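Okay, so here's the structure we're looking at.
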Amino acid sequence: MKYESQPIESKWQKKWEETKAFHAETGGDKPKYYALIEFPYPSGQGLHIGHPRPYTALDIVARKRRMQGYNVLFPIGWDAFGLPTENYAIKTHTHPAKVTHDNIAHFTEQTKAIGFSFDWDREISTADPEYYKWTQWIFLQMYKNGLAYKQNMTVNWCTSCKIVLANEEVVEGHCERCGGEVIHKEKSQWMLRITKYAQRLLDGLDTVDYIERVKLAERNWIGRSEGAEVDFETTAGDKLRVYTTRPDTLFGATYMVMSPEHPYIKKWEDRLSNMDAIRAYQAEAARKSDFERAELDHDKTGVRLEGVAAFNPVTGREIPIYISDYVLMNYGTGAIMAVPAHDTRDWEFAKKFGLPIIEVVAGGDVQNEAFTDVATGKMVNSGFLDGMEVADAKKAITAYLKEKGIGEPKVNYKLRDWVFARQRYWGEPIPIVICPKCGFVPLSEEDLPLRLPDVESYEPTDNGESPLAKVRDWVEVTCPHCGGPAERETDTMPNWAGSSWYFLRYMDPHNDKELASPEAIKYWGQVDWYNGGMEHATLHMLYSRFWNMFLHDIGVVPNDEPYAKRTSHGMILGENGEKMSKSRGNVIDPMVVIGEYGADTLRLYEMFIGDFEKTAPWSTAAIKGCRRFLDRVWTLYDQVQPGDEYGANVHLMHETIKKVSEDIENMKFNTAIAAMMALVNDFYEKGCNRAEYGTLVKLLNPFAPHITEELWEMLGNKEMLVFEPWPEYDEAKMVRDTVELPVQVNGRLRGTVTLPRDVSREDALAAALADDRISAAIAGKEIVKKIVVPGKIINIVVK
RNA sequence: GCGGGUAUGGCGGAAUUGGCAGACGUGUUGGAUUUAGGUUCCAAUGCCGCAUGGCGUGCAGGUUCAAAUCCUGUUACCCGCACCA
């Protein structure tokens, strides 16, 4: 009988669905296990060939855990709000809700065809009012706790999407989504105070099991630095405060630079004689996009303030003040002390403007290049710091500044507050009313969800207002506080909102009283294994950890950290090694692959394609090998001999069980499959019995669940394979009686000898010397050294 | 510029407490089956050489009985972040 994937796959998918084989009940005696994949954005293109890679990987883990006796939660849902859907809706004049509904239906059908063991009873969608009710609820709690605030600020404005972007969404001065140019714009925006959690987000990384590159990406993004804030007295009679990580170089500060947006410019207006030039520079800086700033690379520009200067607090010397756009208003204090001898940017600026460069750390040639090495070098030209190492000088100067009241130690973070508003329709409405009398008034919790109104047009407005602003009968409300006329907030939440807490909703998805019951939250606890793309290491991961920490603080969740373990998969590239895209014409459709080879082959190949963590090019040739392997497993059934215990293959059986079991835990899916292939090759050579074949079927089940269920049934089993116990191995049974030892002469392989496992060193050596090839290789030479590594190798050194 | 990663046959990739380099798959070649193609099966397959043998893990050194693996230097490519003081 020939292996035909299609009827087998339909049969078992139907059976799993009918018996609710993968439904997870909250509670019970079994230990719990929560495996999570990043829920997909249901785009119009349908499932991408990249989706099944991480899904299959965690499906393997989930299926193995069930066989190991765990109560497994492996849920699926839809990250349904977002811009592409809205843009498609505009283009086709279809309601985004309809577009989303259709896309989800399409994704569901495709996803189900691959045979993942998701609990479909827990399916969620972030665009469902029953879901976003709780997204809004969390926002209200943040508002009440002072973590949500509205502020007029410079924002990243995508000129193409007509939308404000978070810093995280700007890539090289361009919109992450559409590639349009991003410029700066003043706008009043809702913000979330993630910076308040900067240190906790950093410290928490020490308590979780994330792959190192994810931790690194998060640490770099948070960007903690230690230094000091120092006050410089000015000729205006006030003090200009700077932040520096190198207080040790204070004696070398020969000028100061303020950001063009620094408020002191307004304050000093009357004293400044060159306000025209200053204003012109400010206007120029404001107009510049991030992209233009990056393009200019390191060509420094600036204007000197005429009329106000500062005094170096340790030398007492008068030093000039400049404004320049290389100093950013939103980091530190918006002003710096410039030490050209020991900072590359300051050095470039000083060279261009002819400013003095004073060496304070010996070891470099500061007239030719800034010397920034802090590990070597001693302090010079620095008064009481002279002769000290940099590290000691830092401590000494910081203590001195504190004592004199001119500075103090300070920690800074690159992390910025989260711009939590989009001028778009297809997102969660922000549940706030703006009242002329009472200011911001949050909706009461009973009024949630605040539903999106039905509208005719979703076009963004040219002035940057949300399309919701045009829906007057929705916007105009009475103030919940004073009863007077008021308006709703018309901005919506960014689409990171819904995904920041979805792992909690899965625990109790149909609860209409709470975001999830305390019992469910307590039972499922942390996500045990969360896998997702590297591109989310700094965005989604930080946002959702932040929300979870907040929910922990207000007593909703028991754990500070939501994810116990985080791993990341590599992208699947086109056959030509380039990223898959329509324009490159190298797109592989997973549904076509399933039609040709079956879902089990697709799953197997995506796991076999290479190291799970690395990118891998698709190969139409190589996938055939996986289908061939399944054909061979299928055909082998007819040759199975009777036998309830492992027979001739007993050593290899235990070795393979160990290898597959461990490889799954270490995400080495490719070598797990290779081991099973080698086992099947061995079966074809030596034959196999029922016990051996049954174990192969079990080991292969998480990878290729349909064919293995069918074979399991053919073997006469009544129960589904899904809950069969995972095979166990015994190290003792892996030991063979004899070992084959390689024999080297002078480090070169000259032969092998087969010896009893526990042979003595002397006997092993004697056997090696008795070998014809070995004796020929050492003939007429003096043996200098004999090395015998038991069980590994023999090496004879001759001269 | 800073941070991280990678480099192994024609191709994807194995092998890391230093111990037979190239598992597994693909591709290729030859053979069997077949009217033929496809499928399946058998054999070979790192490179040079008829062969004994020699050479081989980006490159150049080093440590060691023994190095893809450790050390020093260097090159190329990929991915983050990017004027963060």
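Not measured: the values here are computed from a predicted model. Each chain gets a letter, A, B and so on, in the order the sequences are listed, and its residues count up from 1.
- Counting non-hydrogen atoms under 4.0 angstrom, A:A217 reaches nothing in the nucleic acid.
- A donor-acceptor contact shorter than 3.5 Å is absent between the side chain of A:S382 and the backbone of A:F251.
- Base pairing of B:U6: its partner is B:A76, meeting the Watson-Crick or G-U wobble criterion (both donor-acceptor distances under 3.5 Å).
- Taking side-chain N and O atoms only, A:R628 has a distance below 4.0 Å to OP1 or OP2 of B:U26.
- One side chain, A:E575 or A:T620, offers a donor N or O that lies under 3.5 Å from an acceptor on the other.
- A salt bridge is absent between A:E596 and A:K624; no separation between the charged side-chain nitrogens and carboxylate oxygens falls under 4.0 Å.
- When distances run from any side-chain atom of A:N795 to the nucleotides B:C65, B:C24, B:G27, the shortest one goes to B:C65.
- Base pairing analysis places B:C41 opposite B:G31; the two distances defining the Watson-Crick or G-U wobble pair are each below 3.5 Å.
- Base contact: A:E740 has a heavy atom under 4.0 Å from a base atom.
- Taking atom C1' on both B:U6 and B:A68, the two are 13 Å apart, rounded to the nearest angstrom.
- Look at B:U63: it lacks any Watson-Crick or wobble partner with both distances under 3.5 angstrom.
- Side-chain nitrogen and oxygen atoms of A:K785 include at least one within less than 4.0 Å of the OP1 or OP2 phosphate oxygen of B:C65.
- Proximity of A:N681 to the phosphate of B:G25: a side-chain N or O atom is located under 4.0 Å from OP1 or OP2.
- Across the protein-nucleic acid pair, A:N746 atom CG and B:C55 atom P stand 12 Å apart, rounded to whole Å.
- Among the nucleotides B:U26, B:A23, B:C65, the one closest to the side chain of A:T671 is B:A23.
- Across all strands shown, A:D611 has heavy atoms under 4.0 Å from sugar-phosphate atoms exclusively, and none from any base.
- Using a 4.0 Å heavy-atom criterion, one finds that A:V797 contacts the sugar-phosphate atoms exclusively.
- The side chain of A:I787 lies closest to B:C65, out of B:A85, B:C65, B:U6.
- Between B:U40 and B:U34, the distance separating the two C1' atoms is 11 Å to the nearest Å.
- A straight line from NZ of A:K668 to P of B:A23 spans 18 Å, rounded to a whole angstrom.
- At whole-Å resolution of the value, CZ in A:R53 and P in B:G12 are 14 Å apart.
- Side-chain contact of A:N666 with A:D663: a donor-acceptor pair under 3.5 Å is absent, judged by distance alone.
- Checking B:U6, B:C20, B:G53 against the side-chain heavy atoms of A:Q744 singles out B:C20 as nearest.
- Between B:C47 and B:G22, the distance separating the two C1' atoms is 13 Å to the nearest Å.
- Rounded to the nearest Å, the gap between the P atom of B:C79 and that of B:C70 is 25 Å.
- Using a 4.0 Å cut-off between charged nitrogen and carboxylate oxygen, A:K352 and A:E348 do not count as a salt-bridge pair.
- Comparing B:U6, B:G4, B:G12 against the side chain of A:K614 picks out B:U6 as the nearest.
- For A:V327, counting side-chain heavy atoms from C-beta on, the closest listed nucleotide (B:A85, B:G12, B:G3) is B:A85.
- Taking atom P on both nucleotides, B:A32 is separated from B:A14 by 37 Å, rounded to a whole Å.
- Nucleotides B:C83 and B:G1 have their C1' atoms positioned 10 Å apart, rounded to a whole Å.
- Using Watson-Crick or G-U wobble geometry with both donor-acceptor distances under 3.5 Å, B:C24 finds its partner in B:G12.
- Defined by atom type and a distance below 3.5 Å, a donor-acceptor pair is missing between the side-chain atoms of A:S225 and A:N412.
- Atom pair A:Y684:OH and B:C24:C1' shows a separation of 17 Å (rounding to whole Å applied).
- Between the base of B:C83 and the side chain of A:K300 there is a donor-acceptor pair shorter than 3.5 Å.
- When the C1' atom is used for both B:U69 and B:G18, the distance is 6 Å, rounded to whole Å.
- Comparing A:R213 and A:A335 by the nucleotide of RNA chain B that holds the closest heavy atom to each, the one mapping nearer the 5' end is A:R213.
- Contact annotation: A:R748 does not reach the phosphate of B:C65 (side-chain N/O to OP1 or OP2, under 4.0 Å).
- Centroid-to-centroid, the aromatic rings of A:Y605 and A:Y597 stay 6.0 Å apart or farther.
- Position along RNA chain B of the nearest nucleotide to A:V789 versus A:A675 favours A:V789 as the more 5'-ward residue.
- Separating the CD1 atom of A:I793 from the C1' atom of B:U69 is a distance of 14 Å, rounded to the nearest angstrom.
- Side chains of A:Y264 and A:T234: a donor-acceptor N/O pair is absent below 3.5 angstrom, by distance only.
- Glycosidic conformation at B:G22 (O4'-C1'-N9-C4 for purines, O4'-C1'-N1-C2 for pyrimidines): anti, more than 90° from 0.
- No engagement by A:R224 is indicated, since no non-hydrogen atom pair under 4.0 Å with the nucleic acid exists.
- Proximity of A:S225 to the phosphate of B:A85: a side-chain N or O atom is located under 4.0 Å from OP1 or OP2.
- Relative to the side chain of A:K792, the nucleotides B:C20, B:A85, B:G19 differ in distance, and B:G19 lies closest.
- The separation of B:G58 from B:U39, taken at their C1' atoms, amounts to 41 Å, rounded to a whole angstrom.
- A:T244 comes within 4.0 angstrom of sugar-phosphate atoms only, judged by non-hydrogen atoms across all strands, and of no base.
- Residue A:I609 is in sugar-phosphate contact alone, with no base atom involved, counting any heavy-atom pair closer than 4.0 Å across all strands shown.
- The distance between atom NZ of A:K786 and atom C1' of B:A66, rounded to the nearest whole Å, is 18 Å.
- Side-chain atoms of A:N576 and A:R584 form no donor-acceptor pair, as typed in the model, at a separation below 3.5 Å.
- Nucleotide B:C81 is matched to B:G1 when pairs are restricted to Watson-Crick or G-U wobble geometry with both distances under 3.5 angstrom.
- A:R632 places its CZ atom 9 Å from the P atom of B:U40, with the value rounded to the nearest Å.
- We find that CD of A:E655 is positioned 14 Å from P of B:C24, with the value rounded to whole Å.
- Residue-level contact check: A:S324 touches neither bases nor backbone, having no heavy atom under 4.0 Å from any strand.
- Side-chain nitrogen and oxygen atoms of A:N670 include at least one within less than 4.0 Å of the OP1 or OP2 phosphate oxygen of B:A14.
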